[in-house]
Amino acid sequence: MIGAGHAGLAASRFLTDRSIDHVVLERGDVANSWRRERWDSLRLLTPNWQSRLPGLAYDGPEPDGYMSAGEVAALIDRFARVANAPVRTQTAVTSVRPAADRYDVTTSAGGFRCRCVLLASGACNVASVPGVSAGVPPSIAQFTPFDYRNPDRLPEGGVLVVGGSATGVQLAAEIHQSGRPVTLSVGEHVRLPRTYRGRDVLWWMDASGLWNQRYDEIDDLTRARRLPSPQLVGTPQRSTLDLNALTAMGVALVGRLATIRDGRALFSGGLRNVFALADLKMERLLATFDEWARATGRDTDVAAPERFEPTRVPAASPLQLDLRAGAIRSIVWATGFHPDYGWLDVPVLDEKGQLRHDGGVVDAPGLYALGLPVLRRRKSTFIHGIEDDARDVIDHLAGYLAGESALASRA
Ligand SMILES: Cc1cc2nc3c(=O)[nH]c(=O)nc-3n(C[C@H](O)[C@H](O)[C@H](O)COP(=O)(O)OP(=O)(O)OC[C@H]3O[C@@H](n4cnc5c(N)ncnc54)[C@H](O)[C@@H]3O)c2cc1C
């Protein structure tokens, strides 16, 4: 097993239940990504009651609160102890190579030969920064969510945040509150209210069964796997952080960053259409929730249906910004993340560098994966989503090992 985040530890728990001998190799400490790769103010956007792991439900005093990164690390630490996971920390996997019917795994602390390898090394190892960043003038400081910690690390002056998903809207709000003028470049995005009809909007995703939808029931799986994270933030006030909230604060909105030419950032027009599409999709989703509540007799458990003001289109939104003019001093690339498989010497990546797999069963015998977007269900990358996925994937893995053993005994 590679990776001691919640995914690797959940898989370990199911392997232990089946008495399958294994080891969890972790390059840092347990919950490394929550300790090293999150900005200071980050809180989960899923409520605490939802942070359930196999055999470990949330039992703290604030079920409706949102954990800080430190609290998530503590939760995963506790889970590692509850699961009694055989973790080897400070053990970086540097290569996984097929060798006859086994895999040779090389690490910073020695080698292993194993019949199966499970990749639980995370979906968000590297910040995805578009190639146009090469055109940013050297006078501008550039940050990704991995090197951004808090606004104090940024130079004084204006900030361009690129990306209007959860990370982008959260960082835009925080940086604006530090007194720096913020421009947010927004492309296609997912708008959600924090609460709907008196319940956390993620309660609706969970209760209505939408998050449980299986990967093989989704029409456009490629698109579902690429869907950006919703514009949400976890605060004690349970406030909504959509584009209207950012505009009200004073954040300037511009279109999608198309390119940077001669020191000028050029943005797409058509914000009205982009906003209308996000509003429409949100309305459709909320209508689905209403329909579910009606059909299941839950209508009286929740408040009356709500509708939300359409996203306000700025009266004037510049189509370009001269990055050499001095108004923008830094750029934060909130443009997503991707996995790092630089150490995987098995030909299982497609032309886009994505792992070829069917619900976590990778396109090479004995190789498995967990923790990737919509791996087996819409909820796959979320903490509460791992239990069902890990159970299924370990079921398959156990079947594979049993089949192999049967073959060996017949030989
Ligand atoms: C900014 C952000 C916010 C998120 N917010 C939420 C949220 O609100 N709610 C929610 O449920 N989920 C959230 N997630 C999604 C999800 O919970 C995380 O991505 C989670 O960290 C995934 O768990 P994992 O175990 O799959 O991967 P990780 O936690 O990334 O664990 C992978 C582990 O593998 C290790 N590793 C990687 N490569 C190697 C190697 N070569 N050798 C050895 N070890 C290696 C890493 O050090 C790491 O410890 C968020 C993710 C991000 C990035």
Side-chain angles (χ1 to χ4, degrees), residues 2-10 26-48 50-53 58 60 62 65-80 87 89-90 92 120-129 141-154 159 161-178 182 184 194 202 228-236 239 241 330-340 370-373 379-386:
I2 302 170
H6 75 262
L9 297 169
E26 168 54 56
R27 63 181 170 188
D29 294 309
V30 166
N32 197 47
S33 61
W34 295 100
R35 293 178 206 284
R36 308 252 173 271
E37 296 171 0
R38 307 286 187 256
W39 58 94
D40 295 349
S41 65
L42 179 131
R43 288 192 172 267
L44 289 188
L45 41 86
T46 41
N48 290 340
Q50 218 162 41
S51 292
R52 44 179 186 250
L53 286 159
Y58 178 78
E62 283 185 89
Y66 306 91
M67 284 181 207
S68 65
E71 287 166 335
V72 181
L75 170 80
I76 296 175
D77 255 341
R78 191 172 152 209
F79 181 51
V87 183
T89 55
Q90 312 305 328
S121 46
C124 302
N125 309 118
V126 186
S128 306
V129 176
Q142 298 183 59
F143 297 84
T144 71
F146 285 153
D147 40 41
Y148 173 90
R149 284 288 168 271
N150 56 59
D152 295 347
R153 301 256 186 113
L154 302 181
V159 182
V161 177
V162 184
S165 297
T167 303
V169 296
Q170 290 179 26
L171 298 189
E174 170 168 287
I175 296 168
H176 174 80
Q177 278 151 11
S178 76
V182 173
L184 177 66
R194 179 70 268 183
L202 300 183
S229 57
Q231 292 172 337
L232 282 176
V233 64
T235 60
S239 37
L241 185 60
S330 38
I331 297 182
V332 179
W333 298 103
T335 34
F337 304 92
H338 60 270
D340 173 17
L370 277 173
L372 300 177
K379 63 183 178 183
S380 288
T381 33
F382 291 91
I383 290 172
H384 69 283
I386 201 63

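Applying the side chain to side chain donor-acceptor pair (under 3.5 Å) rule to Thr89 yields no partners; only residues at least two apart in sequence or on another chain are considered. When the ring-ring contact (aromatic ring centres under 6.0 Å, His included) test is applied to Phe337, the partners found at least two apart in sequence or on another chain are Phe146. In this view, Asp40 and Asn150 satisfy the side chain to side chain donor-acceptor pair (under 3.5 Å) rule, not counting sequence neighbours. Take Asn32 and apply the side chain to side chain donor-acceptor pair (under 3.5 Å) test, not counting sequence neighbours, and it matches no residue. Checked against salt bridge (Lys or Arg N to Asp or Glu O under 4.0 Å), Arg38 has no partners two or more places apart in sequence or in another chain.
The shortest distance between side-chain heavy atoms of Arg27 and Ile2 does not fall below 4.5 Å. Thr167 is not listed as a side-chain neighbour of Gln231, based on a closest heavy-atom distance of 4.5 Å or more. Annotation: side chain of Leu44 is not in contact with side chain of Gln50 (no heavy-atom distance under 4.5 Å). In this structure, the side chains of Leu9 and Val87 come closer than 4.5 Å at one or more pairs of heavy atoms. Within the 4.5 Å cutoff, side-chain heavy atoms of Leu53 are placed close to those of Leu75.
For the pair Val162 and Ile331, the tightest heavy-atom approach, listed with the atom from each and the gap, is CG2-CG2, 4.0 Å.
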Report the C-alpha distance between Val169 and Val233 in whole Å, list the side-chain angles of each, state the deciding distance to 0.1 Å, and finish with yes or no for side-chain contact (heavy atoms from CB on, under 4.5 Å).
CA-CA 8 Å; Val169 296; Val233 64; over 6 Å; no

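Listed by first and then second residue, the salt bridge (Lys or Arg N to Asp or Glu O under 4.0 Å) pairs involving residues 66-75 are Arg43-Glu71 (not counting sequence neighbours).
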